[in-house]
Number of protein chains: 2
Amino acid sequence: MPRIVAERADILPALAEVFREHGYEGASLALIGQRTGLGKGSLYHFFPGGKEEMANAVLDEIDGWFETRIFRPLREEPDAAAAIRASLRDTDAYFRSGRRVCLVGVLALGDVRDRFAERIHSYFLAWRDALASALVRTGVAQEMAASLAEEAVAMIQGALVASRALQDSELFGRMLNRLEGRLLAGSNPR
Amino acid sequence: MPRIVAERADILPALAEVFREHGYEGASLALIGQRTGLGKGSLYHFFPGGKEEMANAVLDEIDGWFETRIFRPLREEPDAAAAIRASLRDTDAYFRSGRRVCLVGVLALGDVRDRFAERIHSYFLAWRDALASALVRTGVAQEMAASLAEEAVAMIQGALVASRALQDSELFGRMLNRLEGRLLAGSNPR
DNA sequence: GTCTATACTTTGATAGAC
DNA sequence: GTCTATCAAAGTATAGAC
């Protein structure tokens with residue numbers, strides 16, 4: 001039976017979008033209320049801790065999504081090359097080909113970095129290490145894999161910045177393609 | 001004779017640092033006043049247009065610095081390979097090996113992007129094209145040069161994000177080194 | 001669980017004394 | 001040119017009715 005009553009999880013997507021578009025300080029409660037369709041009272045009912053708890057809830061959801069869709073397949077999928085290709089496709093979809101920014105990256109650049117430092121750190125670490133693990137399974141040497149993975153996560157973040165700055169809607173896709181070529185250079189073609 | 005009286009240009013460095021560290025919305029007038037040592041009255045004397053004028057003045061200064069130190073040498077220096085190497089060294093110094101972020105990149109990710117879209121766009125465009133020009137002069141084909149240059153500007157931005165996120169003070173340097181290797185792969189070793 | 005009303009703080013910005 | 005005082009608006013957060 002469908003509920004009229006909203007759950008906390010129901011408003012997380014809208015909440016996430018507000019933080020992504022406006023950053024932590026830019027996301028005012030007025031704006032959040034407007035975009036989620038909830039009054040301040042309701043927001044504080046779901047998130048007694050205010051904005052910080054909202055941001056943490058959003059980061060939880062993001063962590064969960066990436067863990068399920070990107071990190072775990074990279075670590076566990078038997079066909080590592082296929083997992084890498086799939087992860088890049090999913091990354092392109094998640095970031096809407098560069099039209100959507102990475103909230104974790106945005107927070108990393110801002111002055112709120114310290115407040116979320118632990119989560120930011122573990123998100124990037126998990127991505128880098130999962131990708132490195134997949135690369136090793138395609139036959140790349142440990143050190144080279146670590147190096148390529150580090151480069152890949154930076155490249156994705158940089159591509160998001162550059163695609164917005166240059167207002168080039170195809171830049172993100174070009175970068176991911178180039179990245180795929182470099183990551184899978186040693187493995188068999190599809 | 002040294003002046004006690006401050007000039008507008010005297011407070012620009014401090015102003016730039018506040019914007020870099022806290023972003024546009026995070027840089028409150030209280031904070032700016034504190035870091036520049038000026039009261040709001042003085043700030044509005046120098047910048048009648050308020051925060052937006054302050055940010056534009058900072059962007060002017062940044063534009064000037066990069067044009068003189070990075071873009072022009074890349075476009076005009078006869079020894080293009082040397083110019084590329086020097087530009088990467090200067091980039092490392094400017095961003096304090098990743099401890100300092102790129103204000104233009106920060107603004108590109110934020111919701112104030114629209115307000116500064118023109119400047120953000122031209123900064124990235126100038127960097128990309130100046131680098132591509134240098135690459136062409138080292139013997140790289142036009143298309144490949146454009147591709148490499150686009151990748152380089154994105155890589156630098158991504159390296160700034162990643163080095164902060166992963167709290168790895170040496171990541172930025174590693175990325176610049178790898179970038180130098182890729183950019184100068186075809187040209188003569190130093 | 002959601003709303004309105006409200007308290008209190010901070011914000012960007014202005015005015016006027018010196 | 002710099003300061004203090006002040007303003008209106010917007011900010012986060014809380015209380016209480018329904």
Side-chain angles (χ1 to χ4, degrees), chain A residues 1-59 61 103 106-107 110-116, chain B residues 1-59 61 103 106-107 110-116:
Chain A
M1 170 177 119
R3 267 171 295 202
I4 305 292
V5 201
E7 287 186 47
R8 209 175 110 127
D10 291 337
I11 62 172
L12 279 183
L15 202 49
E17 221 51 51
V18 179
F19 278 119
R20 265 190 280 265
E21 288 172 19
H22 297 91
Y24 187 78
E25 11 251 341
S28 69
L29 287 188
L31 196 58
I32 292 171
Q34 183 182 321
R35 296 280 291 272
T36 59
L38 290 180
K40 301 182 187 186
S42 307
L43 289 172
Y44 274 89
H45 169 72
F46 288 121
F47 307 97
K51 251 172 80 165
E52 182 156 350
E53 188 175 342
M54 297 181 205
N56 273 309
V58 166
L59 289 174
E61 198 213 12
L103 177 58
V106 169
L107 294 180
D111 59 338
V112 289
R113 177 184 64 150
D114 295 347
R115 214 181 312 188
F116 303 103
Chain B
M1 170 176 123
R3 268 172 295 201
I4 305 293
V5 203
E7 286 187 47
R8 211 175 108 126
D10 291 337
I11 61 172
L12 278 183
L15 202 49
E17 221 50 52
V18 178
F19 278 120
R20 264 189 282 263
E21 288 172 20
H22 301 274
Y24 187 78
E25 13 250 342
S28 69
L29 287 187
L31 195 58
I32 293 171
Q34 184 182 321
R35 296 280 291 272
T36 57
L38 290 180
K40 299 184 187 184
S42 305
L43 289 171
Y44 274 89
H45 170 72
F46 287 121
F47 307 97
K51 253 172 78 166
E52 182 156 350
E53 188 174 342
M54 296 183 206
N56 272 310
V58 166
L59 288 174
E61 199 212 12
L103 177 58
V106 169
L107 293 180
D111 60 337
V112 289
R113 177 184 65 149
D114 295 347
R115 213 183 310 190
F116 302 103

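Reminder, nothing fancy here: chain letters follow the sequence lines and each chain counts from 1.
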**Report entry** Atom pair CZ (A:Arg115) and CG (A:Asn56), whose distance is rounded to the nearest 0.5 Å
**Finding:** 9.5 Å
**Report entry** Point-to-point distance, once rounded to the nearest 0.5 Å, from CD of A:Glu17 to OG1 of A:Thr36
**Finding:** 13.0 Å
Among [options], the nucleotide that comes nearest once only the side chain of [X] is considered:
X: A:Leu29; options: D:dA13, D:dT2, C:dA13; answer: D:dA13
X: A:Tyr44; options: D:dG1, D:dA13, C:dG12; answer: D:dA13
X: B:Lys51; options: C:dG12, C:dT2, D:dT2; answer: C:dG12
X: B:Ala30; options: D:dG11, C:dT11, C:dC3; answer: C:dT11

Requested in this report: Just call it for A:Gly41: base, sugar-phosphate, or nothing, with non-hydrogen atoms closer than 4.0 Å on any strand.
Outcome: base
Query raised in the report: Is B:Ser28 touching bases, backbone alone, or none of the nucleic acid, heavy atoms closer than 4.0 Å?
Result: sugar-phosphate
Measuring to OP1 and OP2 of [N], would you say a side-chain N or O of [X] lies under 4.0 angstrom away?
X: B:Lys40; N: C:dA13; value: no
X: A:His45; N: C:dT2; value: no
X: A:Ser42; N: C:dG1; value: no

Could you state the atom-to-atom distance from [atom1] of [X] to [atom2] of [N] in whole Å?
X: B:Glu25; N: D:dA10; atom1: CD; atom2: P; result: 15 Å
X: A:Ile11; N: C:dT2; atom1: CD1; atom2: C1'; result: 12 Å
X: B:Glu53; N: C:dG12; atom1: CD; atom2: P; result: 15 Å

**Report entry** Worked verdict on A:Met54 versus A:Phe46 for side chain to side chain contact (heavy atoms under 4.5 Å, CB included)
**Finding:** CA-CA 9 Å; A:Met54 297 181 205; A:Phe46 288 121; over 6 Å; no
